[in-house]
Amino acid sequence: MLNLHQADGTLLEILSNPKNIVSLVPSVTQDLIRFGKAPIGRTAFCVEPRFAVSTIPIIGGTKTPNIPKIIELAPDLVIANQEENIKVHVEQLQREGLAVWVQFPISLSETLEMLLDLEKVTGPGKYSRSVINHLATVVKGGESDQPKRTFTFAIPIWKDPWMAAGSETYIDSLMSFVGGTNVFKQARYPKFQLSDLEELQPEIIILPTEPYSFTENHKNDLHRMFSSSCVELFSGEDLCWPGTRSFAA
């Protein structure tokens, strides 16, 4: 019997290690492959690792899954994310009798718990043990009383309209973990105007390459507008995907 932590605080009980998994979460698809158990179905947005995903059937998008195709694959487990996927689709799959593990890690400690559960699903391996032990050490060190260099930051995640990563997000937790203070205090993904950045004066503005594809041109434009801020592009996958990507971030 495996017990997996659901996003709503409950436990999902499955009888044994699942043999056939469908992943509706890009970061999880990558981590499953890295842990040695490729899914039998993935979304069109599950694009990493590129060398491995090309042979895995696509079952729609994260928010537009092909439910009949997933059912036809008869997976032992479907992995979803509370934010990436839509509740009605999860409920449809559950009504069809499929086990659905809904994740929602928004901190490094919750990411560690998620990876521990993922290792239950894939079975232990040398790489998974290394990753989990490393992250456990990082989390323990980050929760110590050692002083950190502090800084203020803003991380836009969309343009037209402008939106930023606010509190109660994995991005905010990751940045706070290394000493950052978010200038946007609102929960989740507040909208803002560029004039707000002028007033808030973040020391660092990070432009991730996803979900919006910020480019060097965007970086240069913002640097001209906010010359007192350090403006940098950053891998969106590293910044937004909790899991084995956390180390790169």
Side-chain angles (χ1 to χ4, degrees), residues 7 25-27 30 45 47-48 61-63 81-86 103-112 114 135 138-139 141-249:
V25 190
S27 60
Q30 180 173 60
F45 298 98
V47 295
E48 295 289 348
T62 52
K63 293 185 169 47
N81 179 278
Q82 181 174 298
E83 184 170 82
E84 293 266 1
N85 309 117
I86 297 175
Q103 307 172 350
F104 192 44
I106 60 171
S107 69
L108 282 180
S109 58
E110 290 176 1
T111 297
L112 175 59
M114 181 272 290
L135 186 56
V138 169
V139 170
E143 291 174 349
S144 70
D145 295 329
Q146 293 296 319
K148 300 174 183 175
R149 179 182 176 184
T150 59
F151 58 93
T152 58
F153 70 89
I155 302 184
I157 53 95
W158 202 258
K159 183 178 181 290
D160 300 325
W162 285 96
M163 298 172 68
S167 63
E168 299 177 29
T169 61
Y170 171 75
I171 297 172
D172 178 77
S173 176
L174 186 65
M175 295 294 288
S176 299
F177 189 84
V178 295
T181 298
N182 200 341
V183 297
F184 290 104
K185 308 299 182 186
Q186 304 97 312
R188 308 305 294 155
Y189 303 107
K191 295 180 181 179
F192 70 94
Q193 304 293 328
L194 288 181
S195 57
D196 296 329
L197 285 180
E198 188 171 4
E199 180 180 341
L200 294 167
Q201 289 289 310
E203 294 174 77
I204 298 173
I205 300 173
I206 291 179
L207 299 176
T209 54
E210 75 149 39
Y212 189 91
S213 298
F214 286 108
T215 65
E216 283 286 341
N217 288 336
H218 296 115
K219 171 186 170 179
N220 295 335
D221 288 345
L222 287 185
H223 185 66
R224 282 191 292 269
M225 296 177 68
F226 309 106
S227 57
S228 63
S229 298
C230 172
V231 184
E232 291 294 339
L233 288 174
F234 203 93
S235 164
E237 290 86 357
D238 287 345
L239 192 64
C240 304
W241 290 12
T244 57
R245 285 269 186 174
S246 300
F247 302 117

Output yes when a side-chain donor or acceptor of [X] lies under 3.5 Å from a complementary backbone atom of [Y], and no otherwise.
{"X": "N85", "Y": "N81", "value": "yes"}
{"X": "S167", "Y": "Q186", "value": "yes"}
{"X": "D172", "Y": "T169", "value": "no"}

Do [X] and [Y] touch side chain to side chain, with heavy atoms closer than 4.5 Å?
{"X": "R245", "Y": "S235", "result": "yes"}
{"X": "E84", "Y": "P26", "result": "yes"}
{"X": "Y170", "Y": "S246", "result": "yes"}
{"X": "F214", "Y": "L233", "result": "yes"}
{"X": "L135", "Y": "T111", "result": "yes"}
{"X": "F151", "Y": "V178", "result": "yes"}
{"X": "F226", "Y": "I205", "result": "yes"}

query: In Å and rounded to the nearest 0.5 Å, what is the NZ to CG distance from K159 to L207?
result: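 Spacing of NZ (K159) from CG (L207) equals 11.0 Å.
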query: Rounded to the nearest 0.5 Å, what separation is found between the SG atom of C230 and the CD1 atom of I206?
result: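 Reported to 0.5 Å precision, the distance equals 8.0 Å.
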message: Taking NZ in K191 as the centre, count heavy atoms belonging to other residues, nucleotides or ligands within less than 6.0 Å. Is the count above 12?
response: no
query: More than 12 non-hydrogen atoms from neighbouring residues, nucleotides or ligands closer than 6.0 Å to CZ on F45, yes or no?
result: no
message: Testing the basics here: between P105 and P242, what is the closest heavy-atom pair and its distance to 0.1 Å?
response: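 The pair with the smallest heavy-atom distance is CG-CG, 3.8 Å.
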task: For the pair W158 and Y212, name the ring-plane relationship: parallel under 30°, tilted 30 to 60°, perpendicular over 60°.
output: perpendicular
message: What I want to check is whether the side chains of Q201 and S228 have a donor and an acceptor closer together than 3.5 Å.
response: yes
